[in-house]
Amino acid sequence: MALQIFSPKIQQPLKSIFPSPTNNGCSIIVPCAYNSSRRLALFQLAITQSQLFNGKTPESLSAEGKVIESGMIAELAQSNIALNDETASEWIKKDKRRMLHVVYRVGNLDKTIKFYRECLGMKLLRKRDIPEEGYSNAFLGYGPEESNFAVELTYNYGVDKYDIGTGFGHFGIAVEDVAKMVDLVKAKGGKIVQEPGPAKDGGPIVALVEDPDGYNFELLERGPTLEPFRQVMLRVGDLDQSINFYKKAFGMELLRKRDNPDNKNTIAVMGYGPEDKNTVLELTYIYGVKSYDKGNGYAQIAVGTDDVYKTAEAIKLYGGEIVLEPGPLPGINTKIMACIDPDGWKTVFVDNADFMKELE
């Protein structure tokens with residue numbers, strides 16, 4: 001069962017509050033649906049660092065949103081750990097980081113699950129319904145979440161369509177026979193955006209298909225692999241700035257970079273290990289385009305870390321914006337933090353040890 005730390009309903013106000021020390025007793029809305037669980041469901045976070053803390057330690061909340069004693073919040077003080085460039089760089093190199101899953105919203109959960117299972121070959125890892133919060137979600141992937149990347153689909157009651165925007169690009173998956181999978185998608189009534197053919201750079205056979213909600217999946221012809229989920233592609237306005245940020249603040253490697261003048265774009269593949277064994281992040285810069293509409297469908301990626309406090313300080317050091325300060329969730333000891341990159345794409349970092357306990 002997943003733990004929701006942010007209400008996925010876009011039109012639903014969040015329920016719990018922290019008293020603000022700087023707004024004359026007015027309240028700051030913060031995420032609250034904390035249900036006991038065996039897993040994290042990490043959704044879009046929308047609190048700025050200054051709103052949440054203002055340099056002071058706030059009181060905490062119970063699972064029902066009531067203010068409780070600040071004893072458990074003492075751990076949050078660790079977020080003041082001071083790092084300089086040298087210590088941050090050395091620590092990031094030692095940190096055991098892995099991309100865990102990607103979160104996005106869909107208009108018909110059962111229909112999307114059926115498409116992913118029958119057409120893309122994914123397995124349904126977990127599904128749950130939370131009627132009191134008005135949403136359902138499901139995790140799908142190609143292997144156990146302890147070792148493989150997953151997609152987290154969220155359905156909000158009564159919302160059957162989302163705006164994907166222009167910033168999100170596609171998901172990439174490796175398949176042994178692209179043409180065969182395209183035929184299967186056609187037989188199931190799926191939409192083919194690009195028919196199978198050699199990649200323009202002389203690479204393997206590729207095709208592009210669209211899921212029921214309009215999210216594109218790039219099919220790449222590859223041999224058998226333990227991690228078929230290859231990539232998440234997002235568009236950015238300044239590629240060099242983004243590469244520098246993900247290298248320094250996130251500790252990712254620049255696995256490759258390629259300019260495509262015929263397509264008027266440049267791509268950079270970033271990740272925590274080789275592409276044939278790990279899910280990676282593909283950043284795409286389109287010539288002359290500096291900003292994109294992110295819509296309201298795609299939410300964020302979750303990444304594991306050994307220390308959310310040090311991760312937050314390193315991200316601040318390298319110019320990132322913290323949108324949820326690090327600390328344990330009220331009602332459960334799982335520690336998380338969240339930030340946005342230079343283009344506003346959100347990432348949630350989850351404590352590795354706590355993550356594994358939640359999966360037990």
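Predicted model only: the values in this text are computed from it and were never measured. Nothing fancy with the numbering, it's 1 onward along the sequence.
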Taking atom [atom1] of [X] as the centre, report whether more than 12 heavy atoms of other residues, nucleotides or ligands fall under 6.0 Å from it.
{"X": "L226", "atom1": "CG", "result": "no"}
{"X": "K94", "atom1": "NZ", "result": "no"}
{"X": "K294", "atom1": "NZ", "result": "yes"}
{"X": "K114", "atom1": "NZ", "result": "no"}
{"X": "E86", "atom1": "CD", "result": "no"}

Strictly below 4.0 Å, N to O, side chains only: are [X] and [Y] in salt-bridge contact?
{"X": "K346", "Y": "E321", "answer": "no"}
{"X": "K316", "Y": "E313", "answer": "yes"}
{"X": "D351", "Y": "K357", "answer": "no"}

query: Hey, are D341 and S242 close enough side-chain-wise for a donor-acceptor pair under 3.5 Å?
result: no
task: Kindly assign one of parallel, tilted or perpendicular to the pair W345 and Y298, based on the angle between their ring planes and the thresholds 30° and 60°.
output: perpendicular
- prompt: In terms of ring plane angle, is the pair F250 and F245 parallel, tilted or perpendicular, where the classes change at 30° and 60°?
  reply: tilted
task: Check the pair K247, M270 against side-chain contact (heavy atoms from CB on, under 4.5 Å), reporting the backbone distance first and the verdict last.
output: CA-CA 8 Å; K247 286 176 67 175; M270 313 288 297; 3.5 Å; yes
Heavy atoms, side chains only, cut-off 4.5 Å: are [X] and [Y] in contact?
{"X": "I267", "Y": "Y285", "result": "no"}
{"X": "F217", "Y": "D211", "result": "yes"}
{"X": "N137", "Y": "K127", "result": "no"}
{"X": "T225", "Y": "D276", "result": "no"}
{"X": "K257", "Y": "V269", "result": "no"}

- request: Report the residues that fulfil side chain to side chain donor-acceptor pair (under 3.5 Å) with K111, sequence neighbours left out, ordered by chain and then residue number.
  value: none
task: With sequence neighbours excluded, tell me which residues meet side chain to side chain donor-acceptor pair (under 3.5 Å) with D306.
output: N352
task: Please report the shortest heavy-atom distance between L125 and A150, naming the atom on each side.
output: CD1-CB, 4.3 Å
N/O donor to acceptor pairs below 3.5 angstrom from side-chain atoms of residues 168-179, sequence neighbours left out:
residue, atom, partner, partner atom, Å
H170, NE2, E218, OE1, 3.4
H170, NE2, Q231, OE1, 2.8
D177, OD1, A179, N, 3.2
D177, OD1, K180, N, 3.0

task: Please answer whether the main-chain N or O of T166 pairs with a side-chain N or O of R235 as donor and acceptor at a distance below 3.5 Å.
output: yes
- prompt: Under 3.5 Å, is there a donor-acceptor pair between the side chain of N260 and the main chain of T266?
  reply: no
Y135-Y155 aromatic ring centre distance below 6.0 Å: no
